[in-house]
Amino acid sequence: MLLNFTNLFSRAIVPGPDGQTAQAPPMVFFDDFIDWNATKFSASADAAVWLLTNVEAGSGSTTAVVDDAAGGILKITTAANDNDGVNLQANGESFLLTADKTTIIETRFKHDSLTAEWFIGLSAVDTTAEVAPANYIGFGNTDADADIIVSNGSGASGGTSSSSTAQTLGTHTDTGVDTAVASYNTMRVEIDGTTSARFYVDGVLKATHTTNLPAVEMTPTVVFRNEAAGAQNAYVDYILVAQER
């Protein structure tokens with residue numbers, strides 16, 4: 001059953017006259033990409049909300065909040081060479097899976113080509129997270145295929161996070177849900193403490209993982225790069241990470 005994000009907030013109760021016990025509010029990262037300014041993305045660590053690392057043979061990949069897009073949209077456009085793209089990580093590793101604490105990750109994403117590599121979720125700081133992050137949990141694809149793959153790793157190595165073969169100390173499931181060109185998918189994972197993660201695509205449960213859940217601090221991560229020559233576009237409507245404190 002999908003947890004309601006509002007219910008997560010409802011646990012933050014201010015003590016009232018009936019003597020209710022105070023509970024700490026949840027820790028929340030939410031970027032709806034409704035604003036653009038010079039400090040939104042930066043190639044210098046700790047200089048902006050997002051650390052931007054271009055992953056490309058030459059130069060030219062761009063990241064920008066789209067004008068005239070209701071609700072706010074992040075647009076990533078790769079440069080034209082194979083494997084060109086961007087690696088975005090929110091500055092600060094603030095999320096650690098903790099026993100008896102629920103963690104939620106949710107995003108809405110689309111791209112305009114099926115020949116692409118991408119990952120959205122939580123990862124330890126890694127400027128090459130598009131290839132093989134060691135500690136991570138989220139959604140993606142690195143086989144230039146349409147299927148959305150859900151994956152997580154704890155000290156993982158070898159291969160890539162969302163390829164057809166799981167990494168050593170990595171767990172992954174092919175959801176069988178194909179991304180359609182220019183159509184959004186809503187992806188969500190609900191993590192119960194340190195023991196179980198339920199992955200949903202468009203509101204439907206697609207996998208439950210109980211092994212190789214990461215045990216280190218992580219940060220919101222968005223990665224996109226092309227798998228063939230020619231510039232490609234990806235669009236992130238929002239990314240949410242929330243955790244009981």
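The analysis underlying the following values was restricted to heavy atoms, covering all of them including side chains, and did not include hydrogens, waters or symmetry mates.
- No side-chain N or O of Asn212 forms a donor-acceptor pair with one of Ser154 less than 3.5 Å apart.
- Here the side chains of Leu97 and Met218 are in contact, with some heavy-atom distance below 4.5 Å.
- Closest heavy-atom contact between Gly72 and Ile34: CA-CG2, 3.9 Å.
- When Ile105, Val150, Ile149 are each tested for a side-chain contact (heavy atoms from CB on, under 4.5 Å) with Phe199, only one passes: Val150.
- Looking only at atom types and distance, the side chain of Glu106 has a donor-acceptor partner in the side chain of Tyr238 under 3.5 Å away.
- Although no hydrogens or angles enter the test, the distance criterion places a donor-acceptor pair under 3.5 Å between the side chain of Arg245 and the main chain of Pro25.
- Using a cut-off of 4.0 Å between Lys/Arg side-chain N and Asp/Glu carboxylate O, Lys101 and Glu244 are scored as not salt-bridged.
- With hydrogens and angles left out, the side-chain atoms of Gln89 and Thr221 include a donor and acceptor closer than 3.5 Å.
- Here the straight-line distance linking atom CG of Asp147 with atom OG1 of Thr179 works out to 8.0 Å at 0.5 Å rounding.
- For the atom pair CD1 of Ile76 and CH2 of Trp118, the computed distance is 11.5 Å after rounding to the nearest 0.5 Å.
- The residue from Thr62, Val86, Leu51, Leu74 that alone fulfils the side-chain contact (heavy atoms from CB on, under 4.5 Å) condition with Phe41 is Leu74.
- Ring-plane geometry between Phe119 and Tyr136 is classed as perpendicular, the angle between the planes exceeding 60 degrees on a 0 to 90 degree scale with a lower cut at 30.
- To the nearest 0.5 Å, the span separating CG on Asn141 from NE2 on His111 amounts to 7.0 Å.
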Self-check item: Stepwise side-chain contact (heavy atoms from CB on, under 4.5 Å) check, Ser196 with Thr208
Solution: CA-CA 7 Å; Ser196 177; Thr208 300; 3.5 Å; yes
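- Of the charged side-chain nitrogens involved, none lies within less than 4.0 Å of a carboxylate oxygen, so that Lys75 and Asp112 do not count as a salt-bridged pair.
- In the hydrophobic clustering of ILVMFWY residues, with side-chain heavy atoms under 4.5 Å counting as a link, Phe29 and Ile73 come out apart.
- Glu117 is not listed as a side-chain neighbour of Val223, based on a closest heavy-atom distance of 4.5 Å or more.
- In plain terms, the two heavy atoms of Gly153 and Pro214 that are nearest each other are O-CB, 3.5 Å.
- In terms of heavy-atom proximity, Ser151 sits nearest to His172 at CB-CB, 3.7 Å.
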Practice problem: Might you work through the side-chain contact (heavy atoms from CB on, under 4.5 Å) test for Thr63 and Trp50, ending with a clear yes or no? | Solution: CA-CA 11 Å; Thr63 304; Trp50 293 92; over 6 Å; no
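- Residues Val189 and Tyr184 are members of separate hydrophobic clusters, defined by side-chain heavy-atom contacts under 4.5 angstrom among Ile, Leu, Val, Met, Phe, Trp and Tyr.
- Taking the charged nitrogens against the carboxylate oxygens, Lys110 and Asp237 have no contact shorter than 4.0 Å, which rules out a salt bridge.
- In this structure, CG in Leu122 is found 7.5 Å from OG1 in Thr219, a value given to the nearest 0.5 Å.
- When the side chains of ILVMFWY residues are joined at heavy-atom separations under 4.5 Å, either directly or via intervening members, Leu88 and Val66 end up in two distinct hydrophobic clusters.
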Practice problem: Might you work through the side-chain contact (heavy atoms from CB on, under 4.5 Å) test for Phe139 and Phe109, ending with a clear yes or no? | Solution: CA-CA 10 Å; Phe139 302 82; Phe109 170 83; over 6 Å; no
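- Put simply, the side chain of Asn135 gets close to the backbone of Gly155: a donor and an acceptor are under 3.5 Å apart.
- To the nearest 0.5 Å, atom CZ of residue Phe30 and atom CG of residue Asp32 are 4.0 Å apart.
- Between the side chain of Ser44 and the backbone N or O of Ser42, no donor-acceptor pair lies under 3.5 Å.
- Only one option out of Asn233, Thr78, Asn81, Asn83 pairs with Asn226 in a side chain to side chain donor-acceptor pair (under 3.5 Å); it is Thr78.
- Looking at every heavy atom in both residues, Ala197 comes nearest to Leu213 through CB-CD2, 4.0 Å.
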Exercise. Take Ile239 and Phe33, measure what side-chain contact (heavy atoms from CB on, under 4.5 Å) needs, and give me the verdict at the end.
Key: CA-CA 9 Å; Ile239 181 168; Phe33 303 108; 4.3 Å; yes
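- By the side chain to side chain contact (heavy atoms under 4.5 Å, CB included) test, Val177 pairs with Ile148, Thr175, Asn185, Val201, Lys206, sequence neighbours left out.
- For Glu217 against Leu96, the heavy-atom pair with the smallest separation is N-CD1, 3.7 Å.
- Note that OG1 of Thr77 and CG of Asp84 are 12.0 Å apart. Values are rounded to the nearest 0.5 Å.
- When all heavy atoms of Asn91 and Ala48 are compared, the pair lying nearest together is ND2-O, 2.7 Å.
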